[in-house]
Amino acid sequence: MPALIVAAGSGQRLGAGGPKALVELAGRPLYAWSVDAFRQANNIDRIYVAVPPGRADLFTEPGIVTVEGGETRSHSVANGLEAIKADGDPAMVVVHDAARPLVPAALIDAAVIGLGSDTELHALIAAAPMTDTVKRLGGDGVVVETLDRSSLVAVQTPQVFRVEALERALESGDLAGATDDASLVEASGGSVGVIEASSGNIKVTVPGDLELATLLLQRNR
Ligand code: CTP
Ligand code: MG
């Protein structure tokens, strides 16, 4: 099945002065680590990468198909899905953030197998149990309540979707407001399951995350 790695963001919070996906991490561009994991995964036959408009020539990893990304993450997913559908008619697709370079190939495989074997689900997404206590604040910045941590998870990628459900969700959803595509599937009435991932599958967002990702990659080698 195809995978779509979204790499079209500008990386404002990282502040590297160029696209985050191209920032160097342990000697390679950030997005290349995710491409590697998908190459190693068992059920992935094509890897699409949504790239910043006009920058496709800078994404030189062999064997990938580049697609022009969009204004928001979900617009990039929509563009990628359109390209994937133009090339074939897959039943499922895996979506992953280029910003998560430590994704284990085994997690991709487990998520794909998990969705394939649960016909009730429209999507299966990686998530880690919450370790911090989470509180909700009021408009004045004062704590309103402490949430029950046992029913909360921190959502990551990879996220595996039934193509039909993802397409429907993208057609009707608020693409500009969504931080992931699973939330669009939820909003369109779909059921989304979670597969437990480790907190080590970090997202590179701010400069300190790059240092942490470097250390974790060295440890994994
Ligand atoms: N992304 C994308 N297209 C966009 C925005 C984001 O493909 N228009 C991708 C990013 O490249 C990243 C993933 O979505 O791999 C998660 O987004 P985020 O971590 O927020 O990355 P950026 O949007 O690049 O960073 P920032 O929000 O700090 O600008
Ligand atoms: Mg962003």
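For ligands, and for the atoms within them, numbers begin at 1 and follow the listed sequence.
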Among protein heavy atoms, which lies nearest [atom], and at what distance?
{"atom": "atom 8 (N) of ligand 1", "answer": "Gly70 O, 2.9 Å"}
{"atom": "atom 7 (O) of ligand 1", "answer": "Ala8 N, 2.9 Å"}
{"atom": "atom 20 (O) of ligand 1", "answer": "Arg13 NH2, 2.9 Å"}
{"atom": "atom 13 (C) of ligand 1", "answer": "Asp97 OD1, 3.4 Å"}
{"atom": "atom 21 (O) of ligand 1", "answer": "Lys20 NZ, 3.1 Å"}
{"atom": "atom 10 (C) of ligand 1", "answer": "Gly9 N, 3.6 Å"}
{"atom": "atom 29 (O) of ligand 1", "answer": "Gln12 N, 2.7 Å"}
{"atom": "atom 3 (N) of ligand 1", "answer": "Ser76 OG, 2.7 Å"}

Does any N or O atom in [X] lie less than 3.5 angstrom from one in ligand 1, N or O only?
{"X": "Lys203", "answer": "yes"}
{"X": "Val6", "answer": "yes"}
{"X": "Val204", "answer": "no"}
{"X": "Gly11", "answer": "yes"}

*asked:* With a 4.0 Å cut-off on heavy atoms, is Ser10 in contact with ligand 1?
replied: yes
*For Ala21 and ligand 1, answer yes if some heavy atom of the residue is under 4.0 Å from a ligand atom, otherwise no.*
no
*Atom indices of ligand 1, in the order listed, that fall short of 4.0 Å to a heavy atom of Glu71*: 8 (N)
_Carboxylate-amine/guanidinium contact Arg73 Asp181, below 4.0 Å_ = yes
*Please check if the side chain of Asn201 supplies one atom and the backbone of Pro104 the other of a donor-acceptor pair under 3.5 Å.*
no
*asked:* Grouping I, L, V, M, F, W and Y whenever their side-chain heavy atoms are under 4.5 Å apart, do Ile125 and Val185 come out in a common cluster?
replied: yes
